[in-house]
Amino acid sequence: MAAETMRIAVGPESSKVTLEGDALRVGADADEATFEPFASSSVTITSENGKLIAGGAPVPANALRFRSGPDGAGVIQVNGVRVKGDVVVLFGKTQLAAVNVLALEDYLVGVLGSEMPKSFPEEALKAQAVAARTYALNKKLEQYSQPFHLGSSVISQVYKGLDVEDPRTREAVESTRGMVLTWQLQPIEAYFHASCGGRTENGSDALGRDLPYLQAVDCPCGRLPTSHWTLDLKPADLKGMGGAKASALHVQGRSPTGRARRVEVGSRSVDAVTFRERIGYMRLKSLQFDIEKSGAGWKLQGHGFGHGAGMCQWGARVYAEKGWGFEKILQHYYPGTELQKLYE
Ligand SMILES: [Zn+2]
């Protein structure tokens with residue numbers, strides 16, 4: 001297999017896209033397109049009546065693909081984010097979308113620097129590189145005919161372009177090049193999260209994905225002080241969930257690992273995943289919590305950060321410090337999968 005490329009949406013859709021780069025070239029949105037020199041080193045693209053407008057002039061195409069330098073090896077700044085590879089501007093769902101087309105391994109270096117602290121041990125970084133590569137290839141296969149495979153927000157994988165590149169993350173990506181976790185020869189849905197709090201969650205309870213390799217496993221991260229958190233909630237935080245005057249807040253049912261499945265808010269029963277989304281993913285860090293009444297509101301005490309399915313990053317760090325290699329770490333969090341080198 002040739003080197004894999006990815007198509008990544010850079011930021012949300014917007015009414016205009018600004019590009020900057022040395023020796024900009026422009027062509028059609030195809031890998032084999034001919035690229036002609038572009039008149040200036042920066043351009044703003046807008047749209048009018050369903051047509052693209054580049055630098056004030058209408059464009060006779062539905063998409064424009066830019067690269068920097070004759071061989072496309074230069075850097076392009078798109079809406080303030082510096083990226084490698086090509087940038088395609090096209091019509092998204094409602095407005096213009098900027099899509100970065102780049103080599104999968106370059107994408108992974110950017111993802112890794114955003115997803116895991118670069119100070120983590122080398123074997124944890126390598127495990128993260130394999131998980132992120134596997135996740136990306138799985139999405140690419142699923143989204144093959146779509147204009148892009150992944151967004152660049154926390155909903156898929158966090159990608160912040162070149163500014164988070166680091167020699168340690170590049171080394172972790174290069175030393176695992178082409179390595180992917182498979183189940184029945186297909187790249188798996190390699191979910192991961194910051195901290196599980198002591199036991200990971202099975203896929204069906206965490207994400208509604210009942211998959212053989214997403215099983216609850218023990219994890220040493222629960223002993224770390226960083227995995228514990230508290231959150232104070234006021235009645236106003238529950239507005240819209242249990243009526244304006246929610247007086248009760250209880251966990252109604254729990255998964256086998258102890259995470260909330262449903263939460264009773266006032267007189268209503270709310271799905272716990274929805275409850276976390278409404279409170280905010282950053283405030284209510286996980287579904288592993290207890291609630292006690294505190295004044296007019298409630299105090300939540302919990303542990304873990306994230307949905308809990310698949311690899312736990314803080315657990316991977318503890319295992320790497322204990323001397324585990326990345327293969328063993330991955331086998332622990334994705335039991336029954338195979339590590340395969342899909343391309344050189
Ligand atoms: Zn953990």
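In listed order, ligands and their atoms are each counted from 1.
- The minimum heavy-atom distance linking Gln331 with Thr337 is given by the pair NE2-O, 2.7 Å.
- Identified under the side-chain hydrogen bond (donor to acceptor under 3.5 Å, both in side chains) test for residues 32-54, with sequence neighbours left out: none.
- For the pair Ile291/His250, no side-chain contact is recorded, criterion being any heavy-atom separation below 4.5 Å from C-beta on.
- Of all protein N, O or S atoms, those under 2.8 Å from the Zn ion (ligand 1) number 4.
- Residues Tyr191 and Glu201 have side chains that never bring a donor and an acceptor to within less than 3.5 angstrom of each other.
- Note on residues 292-312: pairs passing salt bridge (Lys or Arg N to Asp or Glu O under 4.0 Å), not counting sequence neighbours, are Asp232-Lys299.
- For residues 39-80, the pairs satisfying ring pair (Phe, Tyr, Trp, His ring centres under 6.0 Å) are Phe38-Phe66, with sequence neighbours left out.
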